[in-house]
Protein chains: 2
Amino acid sequence: MRNILTIAGSDSSGGAGIQADLRTFAALGNYGASAVTALTAQNTIGVQGVHGVPPAFVAQQIASVLDDLEIHAIKTGMLLDAENTRATVCALKKHYADRTMPPLVCDPVCVSTSGHTLLAPDALQVLTQDLFPLTTLITPNKSEAELLLSRSIVSLEDMLVAAKDLLSNGSRAALLKGGHMTATLGDVDALARAHPEVRVVREGLYGDNMEILVVNCPPPGTLVVDVLCEAGGPTTVLARPRIDSSSTHGTGCTLSAAIASALAGGATVLESVISATAYTHLGIETASKIGAGYGPLNHLHSVSQKSIPARTPGNPYPFTRLLINGSAAIWKEYVEHDFVHRLGEGTLARESFIHFIKQDYHYLKYYARAYSLLAAKSASFPLIESATQTILNVLREIATHRAFCAEFGISAEDLEHTEESSATTAYGCFLMDVGLQGDTTKLLMALLACLLGYGEVGLWLKSAAAREGSGIALEGNPYRQWIEDYSGPEYQAAVRIGLETIEARAAADPPSPARLSEWRAVWHRCTRLEKSFWDMALELKV
Amino acid sequence: MRNILTIAGSDSSGGAGIQADLRTFAALGNYGASAVTALTAQNTIGVQGVHGVPPAFVAQQIASVLDDLEIHAIKTGMLLDAENTRATVCALKKHYADRTMPPLVCDPVCVSTSGHTLLAPDALQVLTQDLFPLTTLITPNKSEAELLLSRSIVSLEDMLVAAKDLLSNGSRAALLKGGHMTATLGDVDALARAHPEVRVVREGLYGDNMEILVVNCPPPGTLVVDVLCEAGGPTTVLARPRIDSSSTHGTGCTLSAAIASALAGGATVLESVISATAYTHLGIETASKIGAGYGPLNHLHSVSQKSIPARTPGNPYPFTRLLINGSAAIWKEYVEHDFVHRLGEGTLARESFIHFIKQDYHYLKYYARAYSLLAAKSASFPLIESATQTILNVLREIATHRAFCAEFGISAEDLEHTEESSATTAYGCFLMDVGLQGDTTKLLMALLACLLGYGEVGLWLKSAAAREGSGIALEGNPYRQWIEDYSGPEYQAAVRIGLETIEARAAADPPSPARLSEWRAVWHRCTRLEKSFWDMALELKV
């Protein structure tokens, strides 16, 4: 994240001025500060009033920002008049007298989209003579360039010359915006032929070996052409399709703010201009109609709402919490199932428990196979290793399981020959099917639902046993070992690793809402299948 | 997207005031407009200056916004003095004289986080008597509530009474913020026991059946408790862990802006307060240090940068474009391969072409099997159907392929007994492996790289044939039929469907950067394998 300062006017309707700048900075992931030079009461139809800010207060705002925040780029927009332009120049020069000024982009705002004068005529000289020499880039449109050069610009050839002449005041680069002119693909090709020294960037017009896209896309009608001239460097012509839209209020502010954002991030002037024009273009193209006149761009096309909150020290498991909350009712039915209750009270019928551990034996076979499938699907040695370790753990658990079963009079042969009940098949085959259908994360989601669920059941039993009057007790409970196992440190350590795994996955590869809802569905289904497993055991279902 | 108006001060450092409000609106997906009541020159250390805006101009800004934009919620922040408070009230009353006012949230800002007075004492009466009666909710903190009620608030019990008393001026709800007080879990439990009529919401403190999260998370030290009182409705106590942070500049602005956002979207007051406190809390918890004093919150924790631009009429295939651009060099080597060149010139050795079509026969078997795997992995009938249709198309193509091969003297038996070359095995088995490893989208990525690639090759040959002096011609070319097939309407229609499929997938389930890079890797690998396939054919490799 970079900090960027805009020195500009305020647009009450939010589409231009510091509001457009700050929204652009934010949409591109940066932090914005602002010094207001003038307030405007305006909307998409026009400017209804302007309130100038005293020059000393403009300077004070700039100083407050620069004295405290490390600023990585600055842009100026509407400067109102000679006094405020001078105040801006002085404040910048004062602060940066003894240190390097970050990239400075000057959008020489003179007239609003709706035609309102935003810069007093006497300010032009201060702008060109005092501010331009400090700038990395100035970004006049056609009429501003005409004002600055005192001549009219009619053709693409005029633009080439004008862009160069705009450097005469000491700006290191000038971007002459041709939004108010029209050109065709042919015009641009002709210009390229006539000026082989000029670089031509065709933005959004596809490139080599993309004919499948071209034939399926309507050809652009007219083009918008900008010309970027860099002092001592090349001239670049940037052409892109013109969009027919009335959502253009604040286009210039947005472009220069996006350029400042890119410069703050260390991009070159050309890279910054290319990424900023693409950002601005898409802002116009994706805008919804707001207001009755020239509405604002959609600045937020570059971001989307996160579907899982950030992991923080205070909430280290936001994703698991979302999963549990999203299936709260069935999760509770599962964790606090009658089978679990009776097991905790020690009143569970012995045959139910035996039915459970026999079926659990079969389930563990699916579980180990599903981890083998996970290993087969894994793309790296650490992932293959971690899945394989889990299989080895399950195989060790099976040995313990056999010994545990023997205590209940079940031989290894009994276990092997027990017929698998439908609930076991459903759960086990669901794991395998998720493994067939989806990627490793989806399969992990299913496998971890089981791991975490038993962890929760173990902890619930343990806390209930510690609670007066819960009826649940460890002392003298024939199933004590089972409860100790799942609430014990070894299993809970595995739970913790499971939590870390699932959260790290979700954080490293944040899902879209669609993908998140698939993951939630897997979690929900596993919880239901776990509950059915208790039902099966309790009711001795086949 | 909803439009929200903030009427407040400007904070040059960007952390509070309209800047915090607009950033919050944007981060929550809404559009913001603003009427500035005062400019402050401030930073994270303090307020260095205040420039009041004339009351008439405050009113003008509000009118400009309301006359043009449909506004779905309004919030007020720093109103500076009695005149500007009155101007605000009058402008709102005037506009909404004959229509319903949207939800209005008043954050009665009196003092900045750094201790600077932001509301003239004589404004209090206008605030309470004229503005409060219009509000859906007021959101004072402890010291503001003390000022409004002329008494001190010391305990949670005091807060309960104060929240109710704050409704006396006609606000429909009051949220008394306890950020400057401390409480423990025990205090909140005691309050809940003493006041069974009060609803207690424990935010971020986990819930039932989440012990696995609790035991793995450090217990909260002290809590922050807010009290929400709704006129004629319940009182709610909201408790959450206190965060030890200096990134709290603009917390009140952010909270009330987030509440206004939620209200604009149709949420109830309680829902809005809960989501807004969660948003604000995470903004503090995830903030980076900015400035030397009390820095701003991270307003952007709720959004992430999109990795694929939006589909628009001007750029209907942004994802495919990204894929091709990302592998531009190898893609060009593949599309304009020597094999393709010679095929277009008609100079390709007959045995190379025969080797190619024999190997293509084997490849198509993998291709059909990979689509069968896709069908097996698909979760809906339309997806199963579309994969199956493609298999049937391949089977029909095989019949044509056999007939075409016969023209080159290759019998069906020859085809079946041709030994598979390594390049064919590599490409075919890669498809199957992608199908084993990943989800349906990843498999589609591999399958469509092949479909789209041949479409591009076909179009490239066709355009080259139409270009003077390219050396490529259809007339008299022994491979004309092949070129006509892949550049022809039937195959190109399939290409178009492929493009739509891939773009629709990416748009419906936008990938994280990590997932996108997996998709790009698959595309890149397929392009390399396609190129190797031409190499194999041209050089008669086994």
Side-chain angles (χ1 to χ4, degrees), chain A residues 10 12-14 23 26 32-33 35-36 39 41-44 48-49 51 57 60-61 64-65 68-69 204 209-213 216-217 241 282 285-286 291-292 301-304 306 310 312 314-317 324 331-332 335 377 437-439 452 455-456 459 495-496 508-510 512 514-515, chain B residues 10 12-14 23 26 32-33 35-36 39 41-44 48-49 51 57 60-61 64-65 68-69 204 209-213 216-217 241 285-286 291-292 301-304 306 309-310 312 314-317 324 331-332 335 377 437-439 452 455-456 459 495-496 508-510 512 514-515:
Chain A
S10 159
S12 56
S13 74
R23 206 181 286 117
V36 179
L39 296 175
Q42 67 172 292
N43 52 35
T44 68
Q48 287 84 37
H51 168 76
F57 199 78
Q60 176 65 71
Q61 292 174 83
S64 289
V65 172
D68 184 31
L69 306 186
N209 304 119
M210 293 201 201
E211 288 199 50
I212 47 169
L213 306 190
N216 286 301
C217 180
L282 202 48
E285 211 178 0
T286 60
H301 67 77
S302 61
V303 297
S304 54
K306 280 188 191 164
T312 59
N315 186 17
Y317 309 113
I324 296 177
W331 177 258
K332 190 180 172 76
V335 173
K377 293 170 79 79
Q437 280 197 25
D439 60 10
L452 302 185
E456 186 64 35
L459 291 184
V495 167
R496 193 191 174 91
D509 178 13
S512 68
R515 198 163 177 227
Chain B
S10 159
S12 56
S13 73
R23 205 181 287 115
V36 179
L39 296 175
Q42 67 172 293
N43 52 34
T44 68
Q48 288 83 36
H51 168 76
F57 199 79
Q60 177 65 71
Q61 294 174 81
S64 288
V65 173
D68 184 31
L69 307 185
N209 303 119
M210 293 201 200
E211 288 198 51
I212 46 170
L213 307 190
N216 286 300
C217 180
E285 210 177 2
T286 60
H301 66 76
S302 61
V303 298
S304 55
K306 280 188 191 164
T312 59
N315 185 17
Y317 309 114
I324 296 178
W331 178 257
K332 191 180 173 71
V335 173
K377 291 169 80 78
Q437 279 198 24
D439 60 10
L452 302 185
E456 186 65 32
L459 290 184
V495 167
R496 193 192 174 88
D509 179 13
S512 69
R515 200 167 177 223

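Throughout, a chain's letter reflects where its sequence line sits, starting with A, and its residues are numbered from 1.
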Under 4.5 Å from a heavy atom of chain B, the part of A:Ser304 involved | both
Between B:Ser64 and A:Gln48, a side-chain donor and acceptor under 3.5 Å = yes
Please report the shortest heavy-atom distance between B:Ser13 and A:Leu69, naming the atom on each side.
-> O-CD1, 4.0 Å
So, the part of A:Ala508 with a heavy atom under 4.5 Å from chain B: the answer is backbone
Please lay out, stage by stage, how A:Leu282 and B:Thr312 fare under the test side-chain contact (heavy atoms from CB on, under 4.5 Å).
-> CA-CA 8 Å; A:Leu282 202 48; B:Thr312 59; 3.5 Å; yes
Most heavy-atom pairs under 4.5 Å with chain A, out of B:Ala310, B:Ala35, B:Gly204, B:Pro241, belong to B:Gly204
At what distance, to the nearest 0.5 angstrom, does CZ of A:Arg496 lie from CG of B:Asn216?
-> 4.5 Å
Report the option among B:Cys217, B:Ala33, B:Ser10, B:Ser302 that has the most heavy-atom pairs separated by less than 4.5 Å from atoms of chain A.
-> B:Ser302
Considering only heavy atoms, which portion of A:Arg515 lies under 4.5 Å from any heavy atom of chain B: side chain, backbone, both, or neither?
-> both
Shortest non-hydrogen separation from B:Lys332 to A:Asn209 and the atoms involved | CG-OD1, 3.2 Å
Whatever's closer than 4.5 Å to a heavy atom in chain A on B:Pro510 counts as both
Chain B contact via A:Gln42 - side chain, backbone, both or neither, heavy atoms under 4.5 Å = backbone
Chain A interface, residue from B:Gly14, B:Gly314, B:Ser512, B:Ala514 that has the most non-hydrogen pairs under 4.5 Å | B:Ser512
Smallest heavy-atom separation, A:Gly455 atom then B:Ile212 atom, equals C-CG2, 3.7 Å
Region of A:Leu213 in contact with chain B, defined by heavy-atom distances below 4.5 Å | both
Between A:Asp68 (side chain) and B:Ala292 (backbone), is there a donor-acceptor pair under 3.5 Å?
-> yes
What heavy-atom pair brings A:Arg23 and B:Gly32 nearest, and what distance separates the two atoms?
-> NH2-O, 3.2 Å
Could you pull out the closest heavy-atom pair between B:Glu456 and A:Met210, with the gap in Å?
-> OE2-N, 3.3 Å
Portion of B:His51 that has a non-hydrogen atom of chain A nearer than 4.5 angstrom | both
Residue A:Pro316 versus chain B: region with a heavy atom under 4.5 Å = both
All heavy atoms of B:Leu39 vs all of A:Gln61, minimum pair found to be CD1-NE2, 4.3 Å
Give, for atom CG of A:Asn315 and atom OG1 of B:Thr286, the distance between the pair rounded to the nearest 0.5 Å.
-> 12.0 Å
Heavy-atom proximity to chain B below 4.5 Å, by part of A:Thr44 | both
